[in-house]
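Here the structure comes first, spelled out in structure tokens, and everything after it is commentary.
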Number of protein chains: 2
Amino acid sequence: MIRIPRQGLSQDVVLRAAVDLIEEGGLPHFSMGELARRLQVKPASLYNHVESLEQLLTLVGDDAVKKLVAAETRAIAGKRGQEALFALAQAYRLFARNHYQLYRIIMAFPKWENPVLEQEAGEIVSPILQMLSDYGLTEEQQIHWQRILRAQMAGFAFHEQAGGFSHYSADPDESFRLGVQCLSDGLRRAGGNVV
Amino acid sequence: MIRIPRQGLSQDVVLRAAVDLIEEGGLPHFSMGELARRLQVKPASLYNHVESLEQLLTLVGDDAVKKLVAAETRAIAGKRGQEALFALAQAYRLFARNHYQLYRIIMAFPKWENPVLEQEAGEIVSPILQMLSDYGLTEEQQIHWQRILRAQMAGFAFHEQAGGFSHYSADPDESFRLGVQCLSDGLRRAGGNVV
DNA sequence: AATAAAAACTAATGATATTAGTTTTTGAGG
DNA sequence: CCTCAAAAACTAATATCATTAGTTTTTATT
């Protein structure tokens with residue numbers, strides 16, 4: 001017996017509204033009460049669609065990771081080697097910039113032990129591995145370099161949005177380019193310069 | 001007129017207790033009530049020494065940054081060039097590992113706009129710049145490479161503690177070594193291989 | 001010993017997430 | 001069309017939290 005909810009509320013609608021609210025005002029201003037008001041509903045009603053605030057935030061984080069992975073995948077589509085690497089890194093950086101609040105939620109996960117996130121984490125890696133496949137690396141090397149690349153992208157995005165790069169006048173775009181280029185060079189050396 | 005507090009409580013004592021409590025149980029389990037209990041005091045009494053929870057957490061974050069900078073500075077003492085670079089990176093990584101909860105607080109700052117943190121942020125950079133001074137870089141290059149190094153260290157520490165590196169068997173120590181080596185190589189090329 | 005200030009307390013407020021129990025809506029089957 | 005069960009929304013309550021106002025206690029200096 002499939003029922004259609006009274007006023008169109010569902011977990012998906014709640015999640016989407018939560019994402020919107022967080023993107024607008026950030027996590028500190030977010031609350032079940034605020035979300036309920038946005039959905040024209042009493043706070044208690046949300047619990048028909050969501051277990052708890054914690055679960056809701058996990059859903060939001062999961063959604064954010066999916067969007068990030070989608071952006072990465074889109075970025076490398078039809079590209080290879082160095083071009084794919086730069087596009088991937090750029091996409092990551094732009095996501096963190098354009099979805100500041102969502103990126104913060106991703107970074108705020110204490111541990112990625114959640115079964116859903118576990119899966120998503122794997123999907124973060126796959127576009128990177130796909131791109132790395134052009135570099136002639138062993139399987140173990142691919143693991144190492146995928147970690148190094150993720151570290152650089154995440155660290156750069158984090159520092160940039162935290163304002164840690166604003167003390168000096170040098171262009172962050174150029175810092176980013178140099179960093180990616182350095183990794184690209186190291187990558188090519190590791191793989192025997194086949195690219 | 002200098003008064004000595006009734007039972008030895010002061011901002012410094014409160015701060016230290018807060019740091020201990022956070023290191024033990026993490027930020028989610030931390031509260032003014034819990035802190036007050038630990039200090040054998042009623043919650044309201046804490047406000048004689050601290051403005052608010054927010055200010056207290058800023059103090060904790062500031063303290064954490066100071067400890068990180070101290071560890072970095074200690075690491076490069078008496079070392080130069082590549083040796084200093086590896087020691088610095090290792091110290092950063094170990095701090096994030098050994099003070100997991102404090103490192104999370106550092107990462108959790110929305111913006112480093114706080115005047116105290118502003119100053120501390122500058123001190124994060126100075127041991128790195130000191131180490132870079134051996135590489136024969138222009139001033140602008142130093143800014144870029146300092147950013148790249150910080151990004152790699154922060155990103156690696158973050159992923160490692162979030163569990164994002166645990167999906168594959170390859171040794172994270174080796175990933176880290178390769179990443180730092182890659183940056184060291186790029187750094188030497190940028191500076192004309194003077195090191 | 002007296003006093004003023006600091007520090008701790010009690011008690012209250014308002015926000016929060018969450019739960020129990022009740023009412024309302026809704027769609028499916030007779 | 002009417003009934004009924006389930007889903008969804010509601011009301012009301014609880015417990016926790018940070019924080020503040022106002023009061024009492026302690027303590028160092030005079």
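Just so it is clear: chains get the letters A, B, ... in the order the sequence lines come, proteins before strands, and each one is counted from 1.
Summarising the geometry, the separation between CG on A:N48 and C1' on C:dT19 is reported as 12 Å, rounded to the nearest angstrom. Atom C1' of nucleotide D:dC17 and atom CG of B:L46 are separated by 13 Å, given to the nearest angstrom. Whole-Å rounding puts the A:H29 NE2 to C:dT16 P distance at 11 Å. To the nearest angstrom, P of D:dA18 lies 9 Å from CG of B:L35. In this structure, the CD atom of A:Q11 is 17 Å from the C1' atom of D:dA9, given to the nearest Å.
Against DNA chain C, the stretch residues 52-64 of chain B makes no heavy-atom approach under 4.0 Å.
Both A:L53 and A:Y47 belong to a common hydrophobic cluster when Ile, Leu, Val, Met, Phe, Trp and Tyr are linked at side-chain heavy-atom distances under 4.5 angstrom.
OP1 or OP2 of C:dC9 has at least one side-chain nitrogen or oxygen of B:S45 nearer than 4.0 Å. Between A:H49 and D:dA9 there is a side-chain N or O to OP1 or OP2 distance below 4.0 Å.
Between A:H99 and A:Y103, the distance separating the two ring centers is not shorter than 6.0 angstrom. Between B:F156 and B:Y92, the ring center distance fails the sub-6.0 Å criterion.
Nearest to the side chain of A:V41, among D:dA18, C:dC9, D:dC10, sits D:dC10. Across C:dC9, D:dT19, D:dC10, the shortest atom-to-atom separation from the side chain of A:K42 is found for D:dC10. Relative to the side chain of B:L9, the nucleotides D:dT11, C:dA8, D:dA9 differ in distance, and C:dA8 lies closest. With D:dT19, C:dT18, C:dA8 as the choices, the nucleotide that has an atom nearest any side-chain atom of A:Y47 turns out to be C:dT18.
Taking B:F86 as the reference, nothing meets the ring-ring contact (aromatic ring centres under 6.0 Å, His included) condition, with sequence neighbours excluded. Residues meeting the side-chain hydrogen bond (donor to acceptor under 3.5 Å, both in side chains) test with A:E123, sequence neighbours left out: A:Q119.
Using modelled atom types, no side-chain atom of B:D62 and backbone atom of B:T58 make a donor-acceptor pair closer than 3.5 Å.
Using a 4.5 Å cut-off on side-chain heavy atoms (C-beta onward), B:S126 and B:Q130 make no contact.
Along DNA chain C, the nucleotide closest to A:A44 and the one closest to A:R37 are compared, and the more 5′ of them pairs with A:R37.
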